[in-house]
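So that the names make sense, note that chain A is the first sequence line, chain B the second, and so on, each numbered from 1. All values below come from the heavy atoms of this structure, side chains included, with hydrogens, waters and symmetry mates left out.
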Amino acid sequence: MDPARRENDQVPPRARARRGVVAAVHGVGLFVIALAGLGSLALMLLSIAGPAFLAGFAVAGPSWEGGTYRFVLFGSAVLALATLVPLLITATLTMMRGLANVTRRLSADWCGVPISAAYRPRPANRGIRARLGWQLTDPATGRDLLWMVANGLVGVFLAAAPAVLMFLGFLGLTRRVFGGGPFAGAAGPLGGDQFEWLVVSLLVMAAGPGFASVLLRGHALLARAVLSPSNAAELARRVQHLSQTRTETIDTGAAEIRRIERDLHDGAQARLVAMGMTLDAAGQLIDEDPRAARALLLEARDNSAKALADLRNLVRGIHPPVLADRGLTDAIKALALDTPATVHLASDLAGRPPAPVESAAYFAVSELLANVSKHARASQAWVDIRYADGMLKISVTDDGHGGADPVHGTGLRGIERRLAAFDGVLAISSPPGGPTAVTLEIPCELP
Amino acid sequence: MRVAIAEDLFLLRDGLTRMLEAHGLAISAAVDNGDDLLTAIRDDKPDVAIVDVRLPPTFTDEGLRAALQARKENPGLPVLVLSQYVEQLYARELLAGGTGGIGYLLKDRVFDSAQFVDAVRRVAAGGTAMDPEVISRLLARNTGDGSLSALSPREREVLALMAEGRSNAAIAQRLVITERAVAKHTASIFLKLDLQPSDDDNRRVLAVLAYLGG
């Protein structure tokens, strides 16, 4: 049994009725969308058929108007085919794509039937020809068109049925109560008995909301059958995503290595050079001025301590020791101890995710906790680590003033990029005034 | 005084042994892993154990676990943990027992042999030796919410040295002030932070650490 239905069984009748009415209203919305689809389909056909008809008329039509008229007619038809028609076609295709995307979203939101989209990426060239070529060569466009037809022929009935049933029942009732309406002259189904009219009308009216969710689900399943990308398209999209994240991962890795090289060069390496020079100077002074030599030796010792401190910080940035020692939960516990805000940590992580995932998750949380104290000026934060259904989920929430913007925050964008390498995602909710809640999800195996 | 050492790098183990012997301490055992340390402690109980956090076979926190295990088997056994890095999380775990005889220092601290041997002796005597880096991070974390803002800069210095586990005499020497001045500062700190004053040095240190670790 599917979860939606099982859920329905536990819902009290009143909420069920309300849900049915809401579904019926949703159905009306889907009905309107289907009509809009038919409209755009008609517009596209007209825009092709109109000029074609004109051209045909000019060539083969009756000749009583003379050659000039024929020439003008033919010329304008050709002109229209050359300029206006491509414009109209891309406009209607864009509209259909929009309608298909709305259907996808509503199917997921209203019926719990997610439908993925796999359009080819938009061309860099914004010209009309490039745009038309892009739309016409994409197999997804064919599915959009097919959906407009299927939705116009079948979808409309599924979508409108609940509302129509409710309306019919309502009409029946008005006949019973007011003695008027379109059924005024009709006999009752069981020979004109008033009471039976009432019962039948009520039943018809109840059938609308009663079957609404089933009908809408049917609509969504139909949409999925038509709109779901083919395996090839899904694979193409996946390949594109992979090559993009791979490039980003390589870039990030290269940048990281450059940073490490620079840190070593400016930090530990420089200090070791200074140390060597100091030791050399001490060696030269040791006989004639032991006191000065001693001071230099102490200086060299301090420099070696500083070089160690540099290396320590570097290691912390590459692979934090506690993460290596104890895993994600304890590493975040250690992070929490270094965060000025009070951090409440909850974790149900039983095993250790693969090291790269662990590391990505750790640095993401590290960045988020740094934001908590730096930007949100929060006094408390909550970190929740969970693992369920092959997905590592970590949420970081704070009581700060919110307003975090993933578009402008390079930190958040960086986290997103790093997670993308593992097919991980980041979701942010940060209304002005707070609180900020960031959730990250990474699919991974837990041994 | 007899010391057991667990350190996997030969050069460091050898260096530590020679340095401690040069300062008049006896080495009861020098081993390179946690299990051998536990055996050595069972066979011949030392006055203090010096343990590196990262030891074979896992090269993770083997040494820390061995140290905690050794203290479980021998309650009150003074243990000084050395590491390339210090973590508040580990400091907390070491201090969790609420008893003294605990040290947690960066390996760099062996550069200053006099200070290092002083820390070893302090831990062996049941005192505390927390690395200044642990303390400075604790202080940094606590200055954020203003609980330490009531302290004067000098009092904060005294607090940091006290948290490291140093006695009044050592603090006085370090800050070049009299012991009486140190006593005055500590009394003021305890008053401002609303802590129970204590004559026992070690209890005092643990109270301060508990306060900072909050």
Side-chain angles (χ1 to χ4, degrees), chain A residues 268 271 275 297-345 347 352 355 358 362 369-370 372-374 376-381 399-400, chain B residues 12 15 34 52-55 57-68 81-96 105-116 131-149 209 212-214:
Chain A
R271 290 199 193 286
M275 225 169 93
L297 286 174
L298 288 177
E299 193 187 317
R301 186 187 76 182
D302 289 349
N303 256 326
S304 77
K306 282 177 191 150
L308 276 175
D310 282 347
L311 288 173
R312 237 181 343 253
N313 285 333
L314 193 64
V315 168
R316 223 180 261 284
I318 300 170
H319 194 44
V322 188
L323 184 64
D325 294 354
R326 301 276 188 89
L328 195 56
T329 302
D330 271 10
I332 291 178
K333 209 184 275 175
L335 259 185
L337 288 173
D338 279 335
T339 306
T342 309
V343 180
H344 308 271
L345 176 68
S347 169
R352 288 187 67 166
E358 233 181 12
Y362 172 87
L369 283 179
V372 163
S373 19
K374 209 166 36 181
R377 271 178 260 135
S379 63
Q380 296 204 71
D399 62 352
Chain B
L12 269 173
D52 182 9
V53 164
R54 195 163 281 195
L55 287 179
T58 60
F59 292 101
T60 58
D61 60 346
E62 198 91 2
L64 184 74
R65 276 180 277 147
L68 291 172
V81 175
L82 289 182
S83 177
Q84 286 289 10
Y85 52 88
V86 286
E87 285 292 341
Q88 286 194 51
L89 183 71
Y90 294 172
R92 276 194 166 198
E93 288 177 359
L94 285 167
L95 291 168
L105 294 176
L106 276 176
K107 278 191 179 168
D108 317 10
R109 306 302 168 203
V110 301
F111 291 176
D112 189 330
S113 57
Q115 287 234 21
F116 180 74
D131 197 89
E133 198 176 304
V134 175
I135 304 304
S136 68
R137 275 157 75 181
L138 277 178
L139 290 175
R141 186 166 175 262
N142 279 276
T143 35
D145 56 12
S147 59
L148 297 182
S149 54
L209 285 173
L212 292 174

Applying a strict 4.5 Å limit to non-hydrogen atoms, the region of Asp302(A) in contact with chain B is neither

Discussion item. I'd like to know if Lys333(A) pairs up with Glu93(B) as an ion pair, taking the criterion as any Lys NZ or Arg NE/NH1/NH2 lying under 4.0 Å from an Asp or Glu carboxylate oxygen.
Written reply: no

Honestly, the part of Val86(B) sitting under 4.5 Å from a heavy atom of chain A is backbone

Greatest number of non-hydrogen atom pairs under 4.5 angstrom with chain A, of Arg109(B), Lys107(B), Gln84(B), falls to Gln84(B)

All heavy atoms of Thr60(B) vs all of Ala324(A), minimum pair found to be CG2-O, 3.7 Å

Closest non-hydrogen contact found for Arg316(A) with Tyr85(B) is NH2-CB, 4.0 Å

So, the part of Glu62(B) with a heavy atom under 4.5 Å from chain A: the answer is neither

Applying a strict 4.5 Å limit to non-hydrogen atoms, the region of Ser304(A) in contact with chain B is both

Cut-off 4.5 Å, heavy atoms of chain B, and the answer for Arg312(A) is side chain

Here the gap from Leu106(B) atom CG to Leu308(A) atom CG, rounded to the nearest 0.5 Å, amounts to 8.5 Å

Glu87(B) and Leu337(A), any side-chain heavy atoms less than 4.5 Å apart: no

In terms of heavy-atom contacts, Arg326(A) and Leu89(B) come closest through NH1-CD2, 4.3 Å

Checked Pro321(A), Ser373(A), Ala336(A) vs chain B; the most non-hydrogen pairs under 4.5 Å come from Pro321(A)

